[in-house]
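One structure below.
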Amino acid sequence: MSVAGLIRMGDSTLVLGQRVSEWCGHAPALEEDIALANTALDLIGQTQLWLGLAGEREGQGQDADALAYRRDPWDFRNLLLVEQPNRDFGVTMMRQFLFDTWHLEVLRTLAQHPDAEISAIAQKSAKEVTYHRERSTDMVIALGDGTEESQQRMQSALVRLYPYVGEMFTIDPDDLIDMATLRPGFDAHLTATLDKATLTRPASEFAHQGGKTGARHSEHLGHILATMQSLPRSYPDAKW
Amino acid sequence: MTNEWPLYEVFIRGQHGLSHRHVGSLHATDAQHAIQNARDVYTRRKEGVSIWVVPAVQITASSPDDKDALFEPSEDKVYRHPTFFNIPDDVGAM
């Protein structure tokens with residue numbers, strides 16, 4: 001019953017972890033490079049837990065690696081937000097901030113989940129994500145309330161990514177919890193941060209959908225999976 | 001890079017009871033950012049339980065040119081070392 005919800009959690013952390021790792025060696029400052037790599041590794045680590053538990057409960061003999069590397073784009077159930085390209089550092093940090101804010105709300109709620117294994121993963125992850133959110137929040141404020149150029153870039157990043165926020169809170173029986181109940185907590189942190197960052201929340205609540213249901217991923221998912229899966233698919237069960 | 005962020009010196013306390021030790025330096029926009037960067041750069045392998053950051057410009061250092069005047073005079077004053085005293089056993093570890 002919980003398999004679909006576990007896969008959703010694991011797929012979102014997997015795809016975002018892979019996306020963020022694309023910055024490795026390319027970030028604008030050495031310190032940010034290491035920080036982004038740490039975040040990516042945290043997310044991949046969480047993926048191992050979520051997909052590992054999903055595979056175990058599915059009972060078809062698939063481990064976390066099999067789920068990550070041997071499924072095709074239409075089998076993925078990640079949020080559309082996380083498959084969006086990095087573009088510039090501002091877009092990357094805005095995407096991270098929106099995801100972290102949702103993610104921490106989810107994990108705090110899942111930490112109270114009656115299912116002990118789900119609760120344990122959430123409690124462990126929440127410590128990492130508390131830091132992720134602190135860091136991305138500070139960065140959004142620093143860049144938003146920064147120079148004229150950084151402010152413009154952060155505002156356009158927000159306009160670009162805000163249509164992917166709504167999907168995080170749609171109600172769906174496959175989710176581990178009712179995501180709609182998390183919206184007020186998300187909104188409170190979002191509003192407080194955007195105020196400090198001198199950024200304006202877009203008026204339209206239009207929301208792209210189809211990521212977590214798998215109905216309609218964006219074109220970007222296939223490309224990122226092709227990169228991520230090429231080695232394990234070319235050399236199945238390779239060890240190094 | 002033409003617009004480098006300010007430099008901070010980083011001190012990490014490895015475990016409770018020890019003092020903070022200088023581990024290196026990094027660039028950051030402000031002190032809070034420096035703490036975050038220090039966490040990511042210097043404690044990712046569980047090196048510490050506490051972080052201090054200090055703006056590098058706030059550190060006043062002795063000049064290498066002064067080393068003869070500052071340090072050489074102490075080289076021939078062995079009597080300043082406490083090795084000429086007998087320490088009673090019941091004093092314990094010093």
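Computation of the quantities below employed the complete heavy-atom set of this structure, encompassing side-chain atoms and omitting hydrogens, waters and symmetry-equivalent molecules. Each chain gets a letter, A, B and so on, in the order the sequences are listed, and its residues count up from 1.
In this structure, the portion of A:Leu41 lying under 4.5 Å from any heavy atom of chain B is its side chain and not its backbone.
Under 3.5 Å, the side chains of A:Ser119 and A:Gln123 contain a donor-acceptor pair of N or O atoms. In the model, A:Thr92 has a side-chain atom that pairs as donor or acceptor with a side-chain atom of A:Trp23 under 3.5 Å.
Contacts between residues 44-63 of chain B and chain A, defined by a heavy-atom separation under 4.5 Å, are made by B:Arg44. Scanning residues 11-40 of chain B against chain A with a 4.5 Å heavy-atom cutoff picks out B:Leu26, B:His27, B:Gln32, B:His33, B:Gln36, B:Asn37, B:Arg39, B:Asp40, ordered by number.
A donor-acceptor pair under 3.5 Å is formed between the side chain of B:Ser74 and the backbone N or O of B:Phe71. Judged by distance alone, the side chain of A:Ser156 and the main-chain N or O of A:Arg153 form a donor-acceptor pair under 3.5 Å. In this structure a side-chain-to-backbone donor-acceptor pair under 3.5 Å is present from A:Gln84 to A:Leu80.
Geometrically, A:Arg233 does not engage A:Tyr69 in a cation-pi contact, judged by NZ or CZ lying under 6.0 Å from the ring centre and within 45° of the ring axis.
Interatomic distance, A:Lys196 NZ to A:Thr198 OG1, rounded to the nearest 0.5 Å: 13.0 Å. For the atom pair A:Leu79 CG and A:Met9 CE, the distance stands at 9.0 Å (nearest 0.5 Å).
Ring centers of A:His189 and A:Phe97: under 6.0 Å apart, within the cut-off.
When the options A:Asp237, A:Asp63, A:Asp65 are evaluated for a salt bridge (Lys or Arg N to Asp or Glu O under 4.0 Å) with A:Arg70, the one that passes is A:Asp237.
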